[in-house]
Peer 1: 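I have a structure I would like to understand better, so I am pasting it below and will then ask my questions one at a time.
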Amino acid sequence: MAIERYNPRQAEARWQAAWADRKIFETKNEDSRPKYYVLEMFPYPSGRIHMGHVRNYTMGDVMARYMRAKGHNVLHPMGWDAFGLPAENAAMQNRVQPKSWTYDNIAAMRAQLKTMGLSIDWTREFATCDLDYYAQQQKLFLDLLAAGLAYRKSSKVNWDPVDQTVLANEQVIDGRGWRSGAEVEQRELTQWFFRITAYSDELLAALDTLDRWPEKVRTMQRNWIGKSEGMRIRFVVAGKAPAGHATIEVFTTRHDTLFGASFLAISPDHPLATQMAKNDTALAGFIEECHRTGTSAAAIETAEKKGYDTGLAVAHPFRPDLTLPVYVANFVLMEYGTGAIFGCPAHDQRDFDFATKYHLPIIPVVAPLDEFDADGDVVAWVEQFESGQEPYLDDGKLINSDFVDGLTVAAAKEAVAQRLEHTMLSGAPQGARQTNFRLRDWGISRQRYWGCPIPVIHCPTHGVVPAPEKDLPVRLPEDVSFDRPGNPLDHHPTWKHVPCPICGEPARRETDTMDTFVDSSWYFARFTAPHAATPTVKSIADRWLPVDQYIGGIEHAILHLLYSRFFTRALTATGHLGIAEPFAGLFTQGMVVHETYRREDGTFANPAEVTITGEDGARRAVDTATGAAVEIGPIEKMSKSKRNTVDPSDIIDTYGADTARWFMLSDSPPERDVIWTEDGVAGAHRFVQRVWRLVGDARELGMRIGRPGAALPNAMSSDAMALRKAAHRALAAVDDSLRGLRFNVSVARIYELTNALAGSLSALNEQRPDAVDFSLGAAVREALELLVEMLAPMMPHLAEECWSALGHSDLVSTRPWPEIERSLLVEETITLPIQVNGKKRGELTIPVGASEAEVEAAVLALDFVQRALEGRAPKKIVVVPKRIVNVVL
RNA sequence: GCGGGCGUGGCGGAAUUGGUAGACGCAACGGGCUUAAAACCCGUAGUUCCGCAAGGGACGUGUGGGUUCGACUCCCACCGCCCGCACCA
């Protein structure tokens, strides 16, 4: 009997201890090697790790281990995104304090993560709810406040009347609070904001520099920032204007179509509408109705364009004889532009719908270029347009437009802009060019307990006063109760009552805490000096940042990744950092998905409760406990609600961490979803055992494979050379694919090498004792060692166990990446596919150095080529060196 | 509606970026080992046609066209799926 089965449970614990004892994953800031900072998005401490974490942290760990082997000083830290509402919910439900609930969860998850064998520098670990972390964050807040990047303003928010808290937009589902189920109200509240819009242009422009980010994420951010260049135009109200509203300002990007304007529309929330509604109950009713219509996607999709004619009219800027009616319209948003538009029905779908409903003129002013006849007439097209049912939205030339007739859309925009800029209206130009952004300032106030307190004090006399440096940090009180809804900080009997730092009179602490996205907007910088007495140590942070490879889910494409880009700039503006972008490389991993199982009563069954049978060809599932048939449903993201989750700890207990890691890396490209299957995991485990068996078999061969570290013999047999070539070719391919995070390709190349190695091993084994090819033995040892070294980033425990079994006393985790012997990648002969008329008809093996003429001659001499030629000369022979030959008849 | 992406065997996927399509894995089938099973090992396999066989032919990367000696790859049109945003003026 050769060797025992590999026991991952025992081996993994042993190697994890060996790494920890030698502190090999602890990273020094001072190091002459090139730096490499790899970071996975840190987890929320929910209490258990899930398969998504396993996939995420495996990928990051492979990169960390690989880059370490490639000679880099690697920073690979881990922390906890630990503030947030779930801890408060747990406090309410289970009567545990958020703090102990959170730290217990962190302890449990840390223990789970450690069983994965991640090469993390645990000395840098922190949680965002650590006093030490949020104290630093309070300093940052005060610096941003001083720099004008944090400010207070009144704004509308989603208010949950049951939980008595503000909800983020994402936490409002179909108009109801996600937790309480109560209908969410819009409330006007004074809130803290970060001035992210100060960087709108920069955040947009710099996206072009992020060439190692997925195009998709950059596009999403571009759309989110939503830059549009247009004009702000003032329209003069004709006749008697309401007080303070002698003009109405609109924003447009289509000022070229100004001659096609047939109405103005203002938002129901426009100050003019509010003012007029005071004396107009019908208008007030209309505005009320607009507010009732939901703002959900579905509601908007189906909502009819509705307007209320205010009776006001405005003068057309270029045609004083013409006035346009002013409507309040339900489709105009107060939050964008000026909250007012001019309607050009001929060239805008909404305006067209609106004009059709209210019988307003529809004047075409842009016609398609190819509809103009030789004399410049477009009569035919205009007739066709006027009888049609839809607006014309494409490019073209201007018609019916006075001084811009005949100009292209772009030229007309310029001409109109200049004319408006030079038309003076009560001392100011009638129009001004303006760039508008969709991006709004970031509201960070949360009426919640478990977050970073905003370090300011409200004094009746002095207003907002920053908490003095000497009083920092503002600590979260621990004697809070959750027995009634609302913000426990606000309910606390004493916490908020403090004297004003300026006058000493009674004042009130800010009881709002910061959005937890603030916590995650700078944690990557804190990891570079996690114990510093300042938020960052600029010289150290600037050396490590930007993060070379950031890995996480696509769900953070906008929020976290945009906030972090802003925060990095804000920290640079306040002297804490000296960089613009936090993440040079971003990789968005796919999800882990699994089949769903549904019982007859409609409830979902967990994979562990189901037995799969496949007797008559079709896969079927039965409930293991009851034997009842279970329907196999669609493959979906692992989730508690569908119950299609697999617990990583179960997998690690059964098969070991390496099997879980290997399965995560095999088959599916990392950016796509991976389907978790029992068969797949079993297959991955089979490979773990196969490698172990190969090492065992090799050991059995004793002297045939030589000693560790022995030099290769000078004379190599052809079998030995073939194996060496296969090994070094695999090494080159794995090197390439790992660098590009194409782990599934690395895995395939490793399988190929394993197959080749197994063949050589059994050949060597079968050789008679008096006819042993020792050069093959040496090549087997070399290939096996290379295999183990290639496996090390992906299956580190197995690699250590094999490395040791092969007679080495050092750790494979501390070894440099093996050198590729380039000479082995070059072939002396090459087999070229030979095509006749573009179809492959055979092959030709020929020395690599053969000239084109020699290749041609050899090809023409081939049987099947001769037959195809039937005595004729070929029309052409295409020889692509080292690739292919095509004989064209 | 706008934007991004994808479409290759029974399944996941690979293809040196315009040069032998289907590597590698999973599932399947055949064989070996075994009293038996598991484990393990060896082998087969895109579809189809001709042939007893050795072999050989045709078709084949969502569909239709184009460029090219040559197209999964480039261009045009269409079909289908996924994701994001969305009354943004």
Side-chain angles (χ1 to χ4, degrees), chain A residues 5 214-224 226-228 230 250-255 257 265 267 293 295 297 299-301 303-305 329-333 335-344 347-351 353-354 393 436-438 554-555 557-558 614 617 619 663 666-669 671-675 677-684 686-687 689-690 693 732-733 736-737 742 744-755 758-759 762 831-843 864 874-889:
Chain A
R5 271 176 79 80
E215 189 55 46
K216 184 188 172 101
V217 175
R218 293 197 283 168
T219 306
M220 282 166 72
Q221 292 210 355
R222 246 176 234 124
N223 293 342
W224 188 262
K227 179 177 184 171
S228 46
V250 306
F251 176 74
T252 181
T253 56
R254 288 303 303 273
H255 34 290
T257 64
S267 164
T293 325
T295 46
I300 287 164
E301 191 75 35
E304 200 187 347
K305 306 283 170 282
N330 63 348
F331 63 92
V332 181
L333 306 174
E335 302 82 56
Y336 189 78
T338 61
I341 61 158
F342 79 77
C344 177
H347 304 291
D348 182 280
Q349 185 66 54
R350 288 160 315 181
D351 297 350
D353 296 346
F354 192 81
L393 307 174
N436 239 332
F437 292 92
R438 275 183 29 147
I554 186 83
E555 67 273 18
I558 293 177
R619 288 181 76 248
F663 176 75
S666 324
D667 286 6
S668 287
E671 68 278 10
R672 285 198 219 167
D673 292 351
V674 60
I675 305 171
T677 62
E678 265 303 312
D679 284 336
V681 180
R686 205 149 50 225
F687 180 67
Q689 295 295 350
R690 187 175 185 215
R693 229 171 15 249
D736 261 9
S737 49
R742 303 179 67 231
N744 56 320
V745 177
S746 306
V747 166
R749 295 290 98 86
I750 286 174
Y751 275 123
E752 278 175 339
L753 175 59
T754 309
N755 290 340
S762 71
T831 300
L832 295 175
I834 310 300
Q835 297 179 329
V836 176
N837 280 342
K839 288 189 194 296
K840 189 194 164 194
R841 286 290 180 266
E843 290 177 344
F864 60 88
K875 202 182 279 174
K876 186 174 173 185
I877 301 182
V878 182
V879 179
V880 184
K882 296 178 188 176
R883 277 284 145 78
I884 202 164
V885 179
N886 190 6
V887 180
V888 186
L889 299 184

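So you know, we letter chains A, B, ... as the sequences are listed, proteins then strands, and number each from 1. Quantities reported herein were computed from a predicted structural model and do not represent experimental measurements.
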Peer 1: Just N and O in the side chain of A:R672: are any of them under 4.0 Å from OP1 or OP2 of B:rG13?
Peer 2: yes
Peer 1: Please determine, for the side chain of A:A748, which listed nucleotide (B:rC24, B:rA89, B:rG13) has the closest atom?
Peer 2: B:rC24
Peer 1: Rounding to a whole Å, what distance do you find between A:M220:CE and B:rG5:C1'?
Peer 2: 12 Å
Peer 1: Give one of base, sugar-phosphate or nothing for A:V332, where a contact means two heavy atoms less than 4.0 Å apart.
Peer 2: base
Peer 1: What is the base-pairing partner of B:rG1, counting Watson-Crick and G-U wobble geometry with both distances under 3.5 Å?
Peer 2: B:rC85
Peer 1: Identify the heavy atoms of A:F342 and A:R254 that sit nearest to each other, and give their distance.
Peer 2: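 Minimum heavy-atom separation between A:F342 and A:R254: CZ-O, 3.7 Å.
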Peer 1: Does B:rG25 have its OP1 or OP2 closer than 4.0 Å to a side-chain nitrogen or oxygen of A:N755?
Peer 2: yes
Peer 1: Could you identify the nucleotide paired to B:rA38, looking across every strand shown and requiring Watson-Crick or G-U wobble geometry with both distances under 3.5 Å?
Peer 2: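 The answer is none; no pair meets the criterion.
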Peer 1: Can you identify which nucleotide, out of B:rC59, B:rG3, B:rA14, has its nearest atom closest to the A:K839 side chain?
Peer 2: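 Among B:rC59, B:rG3, B:rA14, the one nearest the side chain of A:K839 is B:rC59.
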Peer 1: Could you state the CZ-C1' distance from A:R438 to B:rC87, rounded to the nearest angstrom?
Peer 2: 12 Å
Peer 1: Calculate, to the nearest 0.5 Å, the distance between atoms CG and CZ belonging to A:N330 and A:F354 respectively.
Peer 2: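 That separation rounds to 8.0 Å.
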Peer 1: For A:T219 and A:L832, take the nucleotide of RNA chain B holding the closest heavy atom to each; which residue's nucleotide lies nearer the 5' end?
Peer 2: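 Its nearest nucleotide being more 5', the pick is A:T219.
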Peer 1: Would you give the length of the straight line joining atom CD1 of A:I558 to atom CH2 of A:W224, rounded to the nearest 0.5 angstrom?
Peer 2: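 So the gap between those two atoms works out to 5.5 Å.
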Peer 1: How many angstroms lie between CZ in A:R693 and CZ in A:R686, if you round to the nearest 0.5 Å?
Peer 2: 10.0 Å
Peer 1: Are side-chain heavy atoms of A:V885 and A:I877 found at a separation under 4.5 Å?
Peer 2: yes
Peer 1: Checking understanding here: a glycosidic angle within 90° of 0 is syn, the rest anti, so what is B:rG9?
Peer 2: syn
Peer 1: Give me the distance, rounded to whole Å, that separates B:rU73 from B:rG66 when you measure between the C1' atoms they each carry.
Peer 2: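 Result for the C1' pair: 15 Å, nearest Å.
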Peer 1: Quick one: pull up CG in A:N837 and NZ in A:K875 and give me the separation to the nearest 0.5 Å.
Peer 2: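 Spacing of CG (A:N837) from NZ (A:K875) equals 8.0 Å.
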Peer 1: Given the C1' atoms of B:rA45 and B:rG31, what is the spacing between them in whole Å?
Peer 2: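 15 Å, rounded to whole Å.
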Peer 1: Does B:rC52 have a Watson-Crick or wobble mate here (both distances under 3.5 Å), and if so which one?
Peer 2: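 Pairing partner, where one exists within any strand: none, as none qualifies.
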Peer 1: Give one of base, sugar-phosphate or nothing for A:T253, where a contact means two heavy atoms less than 4.0 Å apart.
Peer 2: sugar-phosphate
Peer 1: Would you state whether a donor and an acceptor, one from the side chain of A:R883 and one from the base of B:rU20, lie under 3.5 Å apart?
Peer 2: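 When only heavy-atom distances are counted, A:R883 does not reach the base of B:rU20 through any donor-acceptor pair under 3.5 Å.
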Peer 1: Determine yes or no for a side-chain-to-main-chain donor-acceptor pair under 3.5 angstrom, with A:N886 supplying the side chain and A:G838 the backbone.
Peer 2: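 A pair under 3.5 Å: yes.
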Peer 1: Measure from CG on A:N223 to C1' on B:rC88 and round the result to the nearest Å.
Peer 2: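 Taking atom C1' of B:rC88 as the reference, CG of A:N223 is at 11 Å.
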Peer 1: Treating A:D353 as the side-chain partner and A:K305 as the backbone partner, does any N or O pair qualify as donor plus acceptor under 3.5 Å?
Peer 2: no
Peer 1: Base, sugar-phosphate or nothing for A:D351? Non-hydrogen atoms, less than 4.0 Å.
Peer 2: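 If one applies the 4.0 Å heavy-atom cut-off, A:D351 turns out to touch nothing in the nucleic acid.
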Peer 1: Where the side chain of A:E843 is defined as all heavy atoms beyond and including C-beta, which of B:rC88, B:rG4, B:rU20 is the nearest nucleotide?
Peer 2: B:rU20
Peer 1: Side chain of A:E752 only, please: which of B:rC87, B:rA23, B:rA89 is the nearest?
Peer 2: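 Within the option list, the nearest is B:rA23.
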Peer 1: In whole angstrom, give me the gap between the C1' atoms of B:rA36 and B:rU47.
Peer 2: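 Straight-line distance between the two C1' atoms is 39 Å.
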Peer 1: Counting just side-chain N and O atoms, does A:Y336 come under 4.0 Å of either OP1 or OP2 of B:rA89?
Peer 2: yes
Peer 1: Expressed in whole Å, how much space separates the P atoms belonging to B:rA14 and B:rC24?
Peer 2: 15 Å
Peer 1: For the side chain of A:D679, counting heavy atoms from C-beta on, which of B:rA27, B:rG13, B:rU20 is nearest?
Peer 2: B:rA27
Peer 1: Would you measure the distance from the C1' atom in B:rG5 across to the matching atom in B:rG9 and give it in whole Å?
Peer 2: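 To the nearest whole Å, 24 Å.
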Peer 1: Choose from B:rU20, B:rG12, B:rG4 the nucleotide whose nearest atom is closest to any side-chain atom of A:S668.
Peer 2: B:rG12
Peer 1: Please tell me if the side chains of A:L832 and A:R883 come closer than 4.5 Å, counting only heavy atoms from C-beta onward.
Peer 2: no
Peer 1: Regarding A:P214, tell me which of base, sugar-phosphate or nothing describes its non-hydrogen contacts under 4.0 Å with the strands shown.
Peer 2: nothing
Peer 1: For the side chain of A:P833, starting at C-beta, report the closest nucleotide among B:rA89, B:rC87, B:rU20.
Peer 2: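 Given the options B:rA89, B:rC87, B:rU20, the side chain of A:P833 is closest to B:rU20.
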Peer 1: Taking CZ from A:F663 and C1' from B:rC11, how many angstroms apart are they, rounded to a whole number?
Peer 2: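 These atoms are roughly 12 Å apart.
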Peer 1: Name the closest nucleotide to the A:R841 side chain, picking from B:rG57, B:rG4, B:rC87.
Peer 2: B:rG57
Peer 1: Kindly give the atom pairs (protein nitrogen or oxygen, nucleotide nitrogen or oxygen) under 3.5 Å for nucleotides 40-51 of chain B.
Peer 2:
from: B:rC40; atom 1: O3'; to: A:R693; atom 2: NH2; distance (Å): 3.3

Peer 1: What's the base orientation of B:rU48: syn (chi within 90° of 0) or anti?
Peer 2: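 It is anti.
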Peer 1: Select one nucleotide: of B:rG19, B:rG13, B:rA89, the one nearest the side-chain heavy atoms of A:F251.
Peer 2: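 The answer is B:rA89.
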Peer 1: Dump the pairs, protein N or O against N or O of nucleotides 67-71 of chain B, anything under 3.5 Å, distances to one decimal.
Peer 2:
from: B:rC69; atom 1: O2'; to: A:N886; atom 2: ND2; distance (Å): 2.9
from: B:rC69; atom 1: O2; to: A:N886; atom 2: ND2; distance (Å): 2.6

Peer 1: B:rC59 pairs with which nucleotide, Watson-Crick or G-U wobble, both distances below 3.5 Å?
Peer 2: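 Partner of B:rC59: B:rG46.
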Peer 1: When both hydrogen-bonding distances must be under 3.5 Å and the geometry is Watson-Crick or G-U wobble, what is B:rC33 paired with, if anything?
Peer 2: none
Peer 1: Nearest whole Å is fine: how far is B:rU16 P from A:I884 CD1?
Peer 2: 14 Å
Peer 1: Could you give the NZ-to-P distance, from A:K227 to B:rA89, as a whole number of Å?
Peer 2: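 Roughly 14 Å, once rounded to whole Å.
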Peer 1: Mind calculating the distance between CD (A:E555) and C1' (B:rC83) to the nearest angstrom?
Peer 2: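 Going from CD in A:E555 over to C1' in B:rC83 covers 13 Å.
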Peer 1: Judged by atom type as modelled, is there a donor-acceptor pair below 3.5 Å linking the side chain of A:Q221 to the main-chain atoms of A:A557?
Peer 2: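 Checking the backbone N and O of A:A557 against the side chain of A:Q221, a donor-acceptor pair under 3.5 Å is found.
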Peer 1: Would you mind telling me which residue lines up with the more 5' stretch of RNA chain B, A:I675 or A:V885, judged by nearest nucleotide?
Peer 2: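 Between the two, 5'-proximity favours A:I675.
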Peer 1: Side chain of A:S267, backbone of A:V332: donor and acceptor closer than 3.5 Å?
Peer 2: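 Yes; judged by distance alone, with no hydrogens or angles, the pair exists.
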Peer 1: Taking the C1' atom in each of B:rC76 and B:rA23, what is the distance between them to the nearest angstrom?
Peer 2: 33 Å
Peer 1: Determine the Euclidean distance between corresponding P atoms of B:rA21 and B:rA58; express it in Å to zero decimal places.
Peer 2: 13 Å
Peer 1: Atom CD1 of A:I877 and atom C1' of B:rG19: how far apart are they, to the nearest Å?
Peer 2: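 Interatomic distance, CD1 of A:I877 to C1' of B:rG19: 16 Å.
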Peer 1: Do the side chains of A:E671 and A:R742 get close enough for a salt bridge, i.e. N-O under 4.0 angstrom?
Peer 2: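 Answer for the salt bridge query: no.
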Peer 1: Once rounded to the nearest 0.5 Å, what's the spacing between atom OH of A:Y336 and atom OG of A:S228?
Peer 2: 2.5 Å
Peer 1: Is there a Watson-Crick or G-U wobble partner for B:rC6 with both distances under 3.5 Å, and which nucleotide is it?
Peer 2: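 Pair assignment: B:rC6 / B:rG80.
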Peer 1: Distance between the P atoms of B:rA28 and B:rG80, in whole angstroms?
Peer 2: 36 Å
Peer 1: State, with a plain yes or no, whether a side-chain heavy atom of A:T219 is found less than 4.5 Å away from one of A:N223.
Peer 2: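 The answer is yes, as the side chains (C-beta and beyond) meet within the 4.5 Å cut-off.
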